Undergrad: 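Here it is: the structure, laid out below.
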Amino acid sequence: AGQLLAPDSRVNAVVHGDIVGDGQKEVLCGLEDGRLVLINPGGEAPLEVQTGSAPLRSVWAGRLNGVPALLCGAQDGEVRAYDLAGTLLWQYRNSRWQHTPKFAVYSIAVADFAGDGTQQVALGCHGGISLLDVSGEPVELQWTPVYAHMVMPMSAVTLPGETRPWLVAN
């Protein structure tokens with residue numbers, strides 16, 4: 001088998017888990033050259049998408065309302081969602097943090113943050129947190145974010161005795 005990634009490839013973001021739902025663990029990589037690459041346990045890449053020219057800074061894999069999806073956030077603020085075949089489901093351009101010219105999306109977390117039975121996509125950006133619905137449309141934040149230089153990493157966690165997840169960010 002040939003080499004999957006060139007020696008000078010820069011991997012900026014990684015997610016590891018049963019991404020395709022086959023019981024095996026795959027790796028989803030976001031690369032400096034804007035590629036999103038899914039690597040299976042055999043070392044093959046059944047999916048490689050050139051998402052744009054900007055470096056990818058964050059990746060997420062899971063289900064959005066039951067549909068398998070791959071999300072990536074880029075240095076230029078573009079966020080894209082793909083299905084497992086590499087078809088673009090939606091895209092969103094982060095421009096919320098207008099006090100800085102840096103719109104990079106450094107982390108992505110998905111959960112029912114509002115406690116209303118629907119998922120939201122939280123974006124950890126340069127300057128704070130943005131929230132989207134699962135179709136990539138902006139949702140009004142239900143909390144007041146504290147200014148942060150770069151929000152990364154970020155996770156959704158449910159604490160004992162709580163029903164609604166917390167968004168934990170650094």
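Computed from a predicted model, the values in this text were never measured in an experiment. The figures that follow rest on heavy atoms only: side chains count, while hydrogens, waters and symmetry mates do not.
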Undergrad: Are the side chains of Y82 and T87 in touch, meaning some heavy atoms are under 4.5 Å apart?
TA: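 With C-beta onward as the side chain, the pair stays apart.
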Undergrad: For the CG atom of L88 and the CG atom of D83, what is their distance to the nearest 0.5 Å?
TA: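 With rounding to 0.5 Å, CG (L88) is 9.0 Å from CG (D83).
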Undergrad: Using side-chain contact (heavy atoms from CB on, under 4.5 Å), reason through I108 and L123 one step at a time and then give a plain yes or no.
TA: CA-CA 5 Å; I108 301 171; L123 307 175; 4.2 Å; yes
Undergrad: Is S58 reaching over with its side chain to a backbone N or O of V105, donor-acceptor style, under 3.5 angstrom?
TA: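 Pair found, side chain donor or acceptor close to backbone of V105.
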Undergrad: May I ask you to decide if A54's main-chain N or O and D76's side chain share a donor-acceptor pair within less than 3.5 Å?
TA: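 The answer is no, because no donor-acceptor pair under 3.5 Å joins these two groups.
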Undergrad: I would like to know whether V20 and L38 meet side-chain contact (heavy atoms from CB on, under 4.5 Å); could you show each step before the answer?
TA: CA-CA 10 Å; V20 301; L38 181 66; 3.8 Å; yes
Undergrad: For T51, is there any backbone N or O sitting under 3.5 Å from a side-chain donor or acceptor partner on R80?
TA: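 At least one qualifying donor-acceptor pair exists.
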Undergrad: Tell me the closest heavy-atom pair linking K25 and P41, and the distance in Å.
TA: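 Closest pair (atom of K25, atom of P41, distance): O-CG, 3.2 Å.
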Undergrad: Between the main-chain N or O of N65 and the side-chain N or O of Q119, is there a donor-acceptor pair closer than 3.5 Å?
TA: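 A pair under 3.5 Å: yes.
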Undergrad: State, to 0.1 Å, how close A122 and F113 come at their nearest heavy-atom pair, and which atoms those are.
TA: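 Where A122 meets F113 most closely, the heavy atoms are CB-CE1, 3.8 Å.
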Undergrad: May I ask you to decide if I19's main-chain N or O and E26's side chain share a donor-acceptor pair within less than 3.5 Å?
TA: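 Judged by distance alone, yes, a pair lies under 3.5 Å.
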Undergrad: In the single-linkage hydrophobic clustering (I, L, V, M, F, W, Y; side-chain heavy atoms under 4.5 Å), do V49 and V79 co-cluster?
TA: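 No, separate clusters.
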Undergrad: Taking C-beta and beyond as the side chain, do L70 and L28 meet within less than 4.5 Å on heavy atoms?
TA: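 Yes, their side chains come closer than 4.5 Å.
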Undergrad: Should E78 and R57 count as an ion pair when the cut-off is N to O under 4.0 Å?
TA: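 Salt bridge flag = no for R57 with E78.
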Undergrad: With a 4.5 Å heavy-atom cut-off, do N12 and L31 have their side chains touching?
TA: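 A side-chain contact under 4.5 Å is absent here.
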Undergrad: Closest heavy-atom contact between V14 and V11?
TA: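 Heavy atoms only, the tightest pair is CG2-CG1, 3.5 Å.
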Undergrad: Minimum heavy-atom separation for L56 to A74, with atom names?
TA: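 Looks like CD2-CB, 4.0 Å.
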Undergrad: So L47 and L84, do their side chains get closer than 4.5 Å, heavy atoms only?
TA: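 SC-SC contact between L84 and L47 ruled out.
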Undergrad: Using only atom types and a distance under 3.5 Å, with no angle test, would you say the side chain of W60 pairs donor to acceptor with the backbone of V121?
TA: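 Not at all, since once roles are kept as given, no pair shorter than 3.5 Å links the two residues.
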Undergrad: Taking all non-hydrogen atoms of both residues, which atom of N94 and which atom of C125 are closest, and how far apart?
TA: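 That would be ND2-SG, 3.5 Å.
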Undergrad: Over all heavy atoms of both residues, which pair between Y92 and P138 is shortest? Give the atoms and the distance, please.
TA: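 Answer, listing the atom of Y92 first, then P138: CE1-CG, 3.6 Å.
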Undergrad: Using a 3.5 Å distance criterion without hydrogens, assess whether the side chain of E48 forms a donor-acceptor pair with backbone atoms of P46.
TA: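 A pair under 3.5 Å: no.
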Undergrad: For C29 and I39, run side-chain contact (heavy atoms from CB on, under 4.5 Å): C-alpha distance rounded to whole Å, both residues' side-chain angles, the deciding distance at 0.1 Å, then the answer.
TA: CA-CA 8 Å; C29 303; I39 303 169; 4.0 Å; yes
Undergrad: Any chance you could measure D133, atom CG, to E137, atom CD, to the nearest 0.5 Å?
TA: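 Result: 6.0 Å between the selected atoms.
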Undergrad: Given side-chain contact (heavy atoms from CB on, under 4.5 Å), test V110 with Q120 step by step and report yes or no.
TA: CA-CA 6 Å; V110 176; Q120 294 84 37; over 6 Å; no
Undergrad: For Q24, check side-chain hydrogen bond (donor to acceptor under 3.5 Å, both in side chains) against everything at least two apart and list the hits.
TA: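 Here no residue qualifies.
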